[in-house]
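Here the structure comes first, spelled out in structure tokens, and everything after it is commentary.
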2 protein chains.
Amino acid sequence: MPNRRDLSHVGVATTRQEQKERTRQAILAAALELTSEQGFAGLSLRQVAREVGFVPTAFYRHFDSMEQLGLALVEQSFVPLRHMLRDARRDPATYDDVISASAQVLHRVVLANRSRFVFIARERFGGVAAVRAAIRHELQLFVTDLTTDLERFAQLQHWSADDVQMAARLFVNLMVSTAERLVETPSEAVREQEQIVTDVTRQMRLIVIGFAGWRPR
Amino acid sequence: MPNRRDLSHVGVATTRQEQKERTRQAILAAALELTSEQGFAGLSLRQVAREVGFVPTAFYRHFDSMEQLGLALVEQSFVPLRHMLRDARRDPATYDDVISASAQVLHRVVLANRSRFVFIARERFGGVAAVRAAIRHELQLFVTDLTTDLERFAQLQHWSADDVQMAARLFVNLMVSTAERLVETPSEAVREQEQIVTDVTRQMRLIVIGFAGWRPR
């Protein structure tokens, strides 16, 4: 059985760890807020520190550089979305189930993380090359994931790898366009938001209908 | 017959007009160049004037405001593309002709106007609301144009207006994604550029194959 001093040590460590994580989250939130006007390339470490309320050097306890902060923002936006979309596609009975589950997941994640997706939409073509590359990489992971999933469907098993990837990319492009439409529509505009979800559902169905008639090269 | 003085007057007027137009183009080019790092919201009138080489007040001979300059940049990018895509869709014999003509036009226009399309891609989610709205409006014009064109195809004549618009939007989204892929791929990477054009051609064909099986609600 551990003695009291050990326990207290663990307790303090956890609190410090939690405190550090809270500060990290505060830095990420401040950066998102501050970039909404000027873009990430225009943001300085000094501005972030002022917003969070600490001296600039304290920033380095959390991130090695502004670039690393940018990469953390990319990861924070994409990782939950990727996991949730994977879940939505797990053990699908029909295309229709996958399609409507994917549309719903996208809608939910974008609504709950609006400022992160505004960040992604803008920084895809922003001034920081490492951030642009990270976003491109994340989108490519969606294409790879979806290619693997599509290959399992009986209808596509005689398709060339190239054709399956072309179809996967079409879906991913559509997800990106839809996420962008969702972020540019106010969350309060429930009707318009639902229209976007209906639209993407029908657009995915139209593509899937084309699968049956596609003649591989 | 006009006398010499009149002719000389006309000559001077034309030259002044040309000079003014040249300066206007120089302002637009300088703004494009300067925004590539910091985004349009971070650009000041003073920076543009310094780059072009005149005093800040001279700016107002050409544009009422920075916002108006931003709107001119949007127009300059979209208007030629819209006209060329309309031409590509004029009197089409088959879907396939329209598809490959549209893909070629998009490729040509984006390659020839790379920095303008980088501007559009970034400022769609940039810090200036009027510029964002203008880009959205231009994209909506593409949807409206294409909806009208699609309605003429026999296969879609029993579709609801809503369904035709859903399909038009799918094509426009695909054009946007493709333009974005083209600008993020170096112009010298000829093979990758051609792969993107092949991809979008096949993606449009896959969608069109779906037309035959679509059951309107």
Side-chain angles (χ1 to χ4, degrees), chain A residues 35-43 117-129 132-133 135-136 139 162-163 165-178 180-181 183-185 195-196 198-217, chain B residues 35-43 117-129 132-133 135-136 139 162-163 165-178 180-181 183-185 195-196 198-217:
Chain A
T35 53
S36 69
E37 282 273 312
Q38 63 197 341
F40 189 70
L43 185 66
F117 284 92
V118 172
F119 172 85
I120 297 295
R122 193 187 48 242
E123 301 305 331
R124 270 178 78 201
F125 295 93
V128 181
R132 287 200 307 268
I135 295 171
R136 221 152 290 169
L139 292 175
D162 218 36
D163 277 354
Q165 208 183 326
M166 170 278 290
R169 196 179 288 280
L170 181 56
F171 281 117
V172 173
N173 286 348
L174 181 54
M175 292 303 239
V176 172
S177 311
T178 302
E180 290 175 346
R181 276 181 79 190
V183 298
E184 65 190 26
T185 306
Q195 181 59 47
I196 296 168
T198 307
D199 253 23
V200 67
T201 308
R202 288 151 78 211
Q203 287 164 331
M204 286 194 274
R205 282 189 185 137
L206 179 61
I207 297 167
V208 165
I209 292 172
F211 283 1
W214 183 258
R215 296 287 157 262
R217 292 180 300 181
Chain B
T35 53
S36 69
E37 281 274 312
Q38 62 197 341
F40 189 71
L43 184 65
F117 284 92
V118 172
F119 171 85
I120 297 295
R122 193 187 48 242
E123 301 304 332
R124 272 177 77 201
F125 295 93
V128 181
R132 287 199 307 269
I135 296 172
R136 221 151 290 169
L139 293 174
D162 218 36
D163 277 353
Q165 208 184 326
M166 170 279 289
R169 196 180 288 279
L170 180 56
F171 281 117
V172 172
N173 287 347
L174 182 53
M175 291 304 239
V176 172
S177 312
T178 302
E180 290 174 346
R181 276 181 79 191
V183 298
E184 65 191 26
T185 306
Q195 182 58 48
I196 296 168
T198 307
D199 254 22
V200 67
T201 307
R202 289 151 77 211
Q203 288 164 331
M204 286 193 275
R205 282 189 186 137
L206 180 61
I207 296 167
V208 165
I209 292 171
F211 283 1
W214 184 258
R215 296 288 157 260
R217 292 180 300 182

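The sequence lines fix the lettering, A, B, ..., with proteins before strands; numbering per chain opens at 1.
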Any idea which of A:Ala167, A:Ala121, A:Gly126 has the most non-hydrogen atom pairs under 4.5 angstrom with chain B?
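Heavy-atom pair counts peak at A:Ala121.
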Residue [X] versus chain B: region with a heavy atom under 4.5 Å:
X	answer
A:Arg205	both
A:Glu180	both
A:Leu170	both

Do A:Arg124 and A:Leu139 have side-chain heavy atoms sitting under 4.5 Å apart?
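Yes - at least one pair of side-chain heavy atoms lies under 4.5 Å apart.
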Just wondering, do A:Val200 and A:Arg181 contact through their side chains at under 4.5 Å, heavy atoms?
no
Pairs in or reaching into residues 168-178 of chain B: which pass side-chain hydrogen bond (donor to acceptor under 3.5 Å, both in side chains), with residues at least two apart or in two chains?
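Every side-chain hydrogen bond (donor to acceptor under 3.5 Å, both in side chains) pair that includes a residue of residues 168-178 of chain B, provided the two are not neighbours, is B:Gln140-B:Arg169.
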For [X], is it the side chain, the backbone, both or neither that has a heavy atom under 4.5 Å from a heavy atom of chain A?
X	answer
B:Val183	side chain
B:Glu123	neither
B:Leu206	both
B:Glu184	both

Heavy-atom closest contact (B:Trp214 atom, B:Met166 atom, distance):
CZ2-CE, 3.6 Å
Rounded to the nearest 0.5 Å, what's the gap from CG on B:Asp163 to CZ on B:Arg215? Could you check?
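Result: 12.0 Å between the selected atoms.
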Atom pair CZ/CD1 of A:Arg122 and A:Ile135 - distance to nearest 0.5 Å
9.5 Å
